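First comes the structure, then the notes that go with it.
Since the model is a prediction, treat every value here as computed from it, not as a measurement. Proteins get letters first, then strands, A, B, ... in listed order; numbering begins at 1 in each. Basis for what follows: all heavy atoms, side chains included, without hydrogens, waters or symmetry-related copies.
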There are 4 protein chains.
Amino acid sequence: MGMIGGGRGAFIGAVHRMAAALDGEIEFVCGAFSSDPEKSKNTGEDLYLPSSRAYTSYDKMFEEELKLPVGERMDFVSIVTPNFLHFDPAIKAVEKGFSVVLDKPMTLDLEQAVKLNKAVNQSGQIFALTHTYTGYPMVKQARAMVAAGEIGTIRKIHVEYPQGWLASKLEDTDNKQAGWRTDPKKSGMGGALGDIGTHAANLSEYVSGLEISEISANVNIVVPGRLLDDDVDILLRYNNGASGTLSASQIMAGAENGIKISIYGEKGGIEWRHRTPNSLYFRLPGQPEQELRAGVEISYLAPITLKHCRTPSGHPEGFLEAFANIYRNFALTLRAKLDKTSIDPDYSDFPGTRAGVRGMAFIEKTIESSTNGGSWLPFVI
Amino acid sequence: MGMIGGGRGAFIGAVHRMAAALDGEIEFVCGAFSSDPEKSKNTGEDLYLPSSRAYTSYDKMFEEELKLPVGERMDFVSIVTPNFLHFDPAIKAVEKGFSVVLDKPMTLDLEQAVKLNKAVNQSGQIFALTHTYTGYPMVKQARAMVAAGEIGTIRKIHVEYPQGWLASKLEDTDNKQAGWRTDPKKSGMGGALGDIGTHAANLSEYVSGLEISEISANVNIVVPGRLLDDDVDILLRYNNGASGTLSASQIMAGAENGIKISIYGEKGGIEWRHRTPNSLYFRLPGQPEQELRAGVEISYLAPITLKHCRTPSGHPEGFLEAFANIYRNFALTLRAKLDKTSIDPDYSDFPGTRAGVRGMAFIEKTIESSTNGGSWLPFVI
Amino acid sequence: MGMIGGGRGAFIGAVHRMAAALDGEIEFVCGAFSSDPEKSKNTGEDLYLPSSRAYTSYDKMFEEELKLPVGERMDFVSIVTPNFLHFDPAIKAVEKGFSVVLDKPMTLDLEQAVKLNKAVNQSGQIFALTHTYTGYPMVKQARAMVAAGEIGTIRKIHVEYPQGWLASKLEDTDNKQAGWRTDPKKSGMGGALGDIGTHAANLSEYVSGLEISEISANVNIVVPGRLLDDDVDILLRYNNGASGTLSASQIMAGAENGIKISIYGEKGGIEWRHRTPNSLYFRLPGQPEQELRAGVEISYLAPITLKHCRTPSGHPEGFLEAFANIYRNFALTLRAKLDKTSIDPDYSDFPGTRAGVRGMAFIEKTIESSTNGGSWLPFVI
Amino acid sequence: MGMIGGGRGAFIGAVHRMAAALDGEIEFVCGAFSSDPEKSKNTGEDLYLPSSRAYTSYDKMFEEELKLPVGERMDFVSIVTPNFLHFDPAIKAVEKGFSVVLDKPMTLDLEQAVKLNKAVNQSGQIFALTHTYTGYPMVKQARAMVAAGEIGTIRKIHVEYPQGWLASKLEDTDNKQAGWRTDPKKSGMGGALGDIGTHAANLSEYVSGLEISEISANVNIVVPGRLLDDDVDILLRYNNGASGTLSASQIMAGAENGIKISIYGEKGGIEWRHRTPNSLYFRLPGQPEQELRAGVEISYLAPITLKHCRTPSGHPEGFLEAFANIYRNFALTLRAKLDKTSIDPDYSDFPGTRAGVRGMAFIEKTIESSTNGGSWLPFVI
């Protein structure tokens, strides 16, 4: 694995590295951590890389790595830059024969996403988008239970993603995270919508197995002077006729990173909360609520869930493990491709280009609905 | 107190009686429990009333009670019939000089509500509408904290009221509750909207001190063949510019009676959940979340909160106590009127006709918005 | 009902009155609220009693009430005085033909308890001791499930009762509650042990259906200068060979009234917490934890549980309702006796003299074990 | 790092490897995974080790690794074998100049522990014992708050460690974990006591900063025919006069791995539960309970806590991260030693030989007290 971005002090770069390291399936061999040569070199040293493989640009990295023999060169690149720096390295990577793990959202806008999608498909490279929440074992369990019909035909989906860290105008301080995430040139047209709204939309589609088909939205800039939305409420319809809501906000002062989803069908309901990620709540009328728990030995879990647990029940796993599940599956899928072997489909379960393209379209369509007075708009892509 | 409705087997009648009895401030003296003379008489016996005061109609009850001397006759009437039987006994009661406690929603439609409002105001009688959730001590605490500016100017309100008991077509069985609540002739034009949506709207306005000013709604009939809505999702704007959502549903199979509200302002947020009614969660950025608790001795609670607690912290109070707070306050207010004394305003804090009229208008406007493709409609009354 | 004690400002007297009033089965007709005639009179007025029936002593009350015709006179007396004033009014009441509801613990010492037990049995009067926690519906459910063998033969019982209100030397202030509860002359030889330890012991025996048979204890006076224990930890053995712990403390600074019990058998376990009294947690190996909920309509509950619920699930009931269940059952049992009818045994389920005698013996034996270096002592009575 | 034990299918070996890999500070270079050459080789292949460094015995591993140049050879060994195979490889490792990470409990008996302690001290090697729970950030926060006097002088400690996996006689099946853990020859004289009781005792001492000074215990074999204890309840006194309880059980059918500790002092109390490891509950009289949360950006956390978080609040960390904190600190401490640099003491915070020796003595003293009828025994080492 080589990394693009993720220099000293970058939160998400460190997360990607820990996630990639956890399962011992991925060797971290090089990086273009920063356009500042000194900084890239220092980061490389921090990470015990040979100085020759701490590059000053991803173009250079692609060029030099291709000179190395297969087996020694990096097999894939992990791109952890801000949104506006997703498209160019990603499309170059696949065109040059590297597989890609890309932080979400996919690109700066829908047009780029469509192009990248096409390029990935033509290249035959493996591509993963880190919609982390789909990596949690109990999210996979929820999906499996819905697919097995345990709650019946879905009628209702509520998903919410509250955060509070942008409740004040943090972008006016030297906070780098706040800076680029509220800057349309670096983030694209969605603020909270792109940063966390796409996670919520992706989660609802992943667990339900449905697709959002209509949107009626209220997109707000709550903090005065901010350039991008920081709060959205959306009414949704899904392609089976189910309805629901999606709320994502970064101005809920004092709130944590509390993504949560509840889905109700004709027969019952399930609920998953990031706050207690190793539990899944299952409700059937006239029966006690059940709390299903993650754990390698839990016999009532679906096979796919068990394959994404590392510890026995009662040994909590968290965000890094969910992230690592995406990396592990990506690595196994890539290895199967390289080795020309087949792979258990449960291990190739990670978000790809379709999730990415839908995410970018979701941003644009939500803003369009809100701009048009909240009227219902069809969402098809 | 006299009661109209609430014959044997009626859930809400028994709740009203227990709530009225709890604090020893109200004597239960008569009732017109049923239009069936035998049933009314039997209910009277069950309740240890003299047979002479178990009436066969509320008209009869008004007539006979007026013959009794003041002090012996009932001072007020508690009306616990289905919605379509609210307006007539209520307006007659106030016109004949009785105060009224009325189950919500106020009437069958907005027109009746406006008329009743006028009649109550002209009569000078005391009138309470049992929006129970405003009777909980920690809901009053939430209102007091918001009013004191502890979370700053409100930006965001999310309120939800999930129920699951109408997930199947229960009205086709002999379930009386389901029967009248899904029947437009008995309930009015709102189903879940009137039954629980009005509770949620009232709670949001009570706690925030704001008023809903715009509505963009999606009103659903989920169970095929049902005549009234059983599920609504609403985007809201409030009169200070805050926005939010309101979801109320009776088809969330397996869900309990889980009304919940969270409000975020510039400075922080609060959350109250019916599931844990004696707690209020308070969040400020950069500080640990606090769990405030009800209890007569808790020094950090607002004076109004303490006046609505009966037990020390750690001794849970519940639904009946919240209900009893409305009755207790109503009784104290009525006694002050009768005794021509003044009353601590904290004790005259209960929902009245304005809440009732706004509730009926909320039902109509929500349906109008949904019918008009979810477009935003102004809500002013 | 007549009341002894419970003058203005007394916490537990008000609780008894609300509990007695809730279900409309008991008429409150007289009281000897205080040895101070003025205070007793004022309390009577507060409670809307005729001045003739606010007595200045319980002896006077017994005398005068007996002059009234049956049906008008009080049928039973509720005794809510400090421990040292339990025995005399209680034994006189039963000897004069009144039934009794008595606050716990039963008496000042075991000797009194044994005498009172004998007197009650000889009198044929109905006697209830307010071990409130056994009045909670989900505690009854726990007992029913254990009795039905749902967790198999019991192996392990942990019960804890943490409070924090005596973490400082509150008895040196003018706090009346703290004053008498830490005074051996008024409370007897147990402090926390008598006040809350007996609740915990009673709860463990009630739910398990077992009896404590051996005690190894550590009884502490933590706050310097206090005269009675304020903290105890006890190892227990039960009469089927099960073992466990009981901790009761009033010095856990910041803790609420958090009684909690967990019981494990060969097949599974249950847990009930006062903090969430309407839930019962049920665990079986290899299955998701279940959260059983109180509610009049919950079909999986035992018949006895349903008979002690007043509201549908999701409408929380609390401490007063649990207390009211004892009063309601006591009233129904007394009425059956007066009416010479039979009664459903589920409605005569309330703690009586045996619970009281065992509680007093538990206090004495626990202190004896602690004094003897924590050695195991047999507990048989 | 080299590993001893941890062949295919061993739970704890995989945990150690993931924990060591997470932070990118440790390179995994060799192992003696099994005494079966084939199995050791296969495990090495699974882990992408060169076949030359998958050894068939730890003696061989020590010998061969010592032939390699410093920098290439392993710096330390991670020992993840059953208890009876701790002492020999550990003492040989330190004597040959390797540092050691050792799974707990330290050895088979106290005598071995004392010897190993001496050998480690003489060798100057770095030694870590994986009492995992002390690696959780909020456990470190608890310790820091106690040390800072935020709850005042400690009066009371309750620690419990319930498990249910040995509720039936699992050792009669082919479950390897159950087999050796219930076998005195492989586990030593403690069953549940050694496996989880030592964790609980260590946690109580770590957080409180106190030492257990007296023990009154009840040690049980609940499952008939089992050879080692599977359930213990212990009354404890600490060296400042505080008292408390410790319960550890593996027969609580249906229970998870729910270690939990609550500590109360003169001023307030704290509680940490493994079920919600990223939260710490803090109680002060007269104030709302606070829920402190882990997270790299949480300003109210102690410096040592922040150094053991990897993600922002709301991104749950779990068991592997706690384990990794021990490995990370061990690695930094070892590197500082090798580089002859100094180290921030917060990074050298991990359990060492003293914790190990106390753990072994705790097992022996607890059994002695129980055998002697539960009498209090002094505990000094």
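A/N220 is not listed as a side-chain neighbour of B/R155, based on a closest heavy-atom distance of 4.5 Å or more. Proximity of A/R237 to B/N218: side-chain heavy atoms (C-beta onward) are separated by under 4.5 Å at one or more points.
Closest of all the heavy-atom pairs between B/S247 and A/H158 is OG-CE1, 3.3 Å. The heavy-atom pair separating B/I234 from A/L235 by the smallest distance is N-CD2, 4.3 Å. Considering every non-hydrogen atom in both B/S243 and A/D231, the closest pair reads OG-OD2, 3.9 Å. Closest approach of A/A255 to B/Y264, counting heavy atoms only: CB-OH, 3.6 Å.
Only the backbone of B/A217 has a heavy atom closer than 4.5 Å to any heavy atom of chain A. Contacts of B/I251 with chain A are made by both backbone and side-chain atoms, with heavy-atom separations under 4.5 Å. Of the two parts of A/E271, neither the backbone nor the side chain holds a non-hydrogen atom closer than 4.5 Å to a non-hydrogen atom of chain B. Neither the backbone nor the side chain of B/E256 comes within less than 4.5 Å of any heavy atom in chain A. Heavy atoms of B/S216 lying under 4.5 Å from chain A belong to its backbone as well as its side chain. Neither the backbone nor the side chain of A/N372 comes within less than 4.5 Å of any heavy atom of chain B.
The candidate from B/A167, B/S262, B/G286 with the greatest count of non-hydrogen atom pairs under 4.5 Å with chain A is B/A167. Of the listed residues (B/G268, B/G269, B/G152, B/P162), the one with the most heavy-atom contacts under 4.5 Å to chain A is B/G268. Residue with the most contacts toward chain A among B/S168, B/S375, B/P285, B/A253: B/A253 (heavy-atom pairs, distance under 4.5 Å).
Other residues, nucleotides and ligands contribute more than 12 heavy atoms inside 6.0 Å of the NZ atom of A/K169.
For the atom pair CG (B/L246) and CG (A/D233), the distance works out to 11.5 Å, reported to the nearest 0.5 Å.
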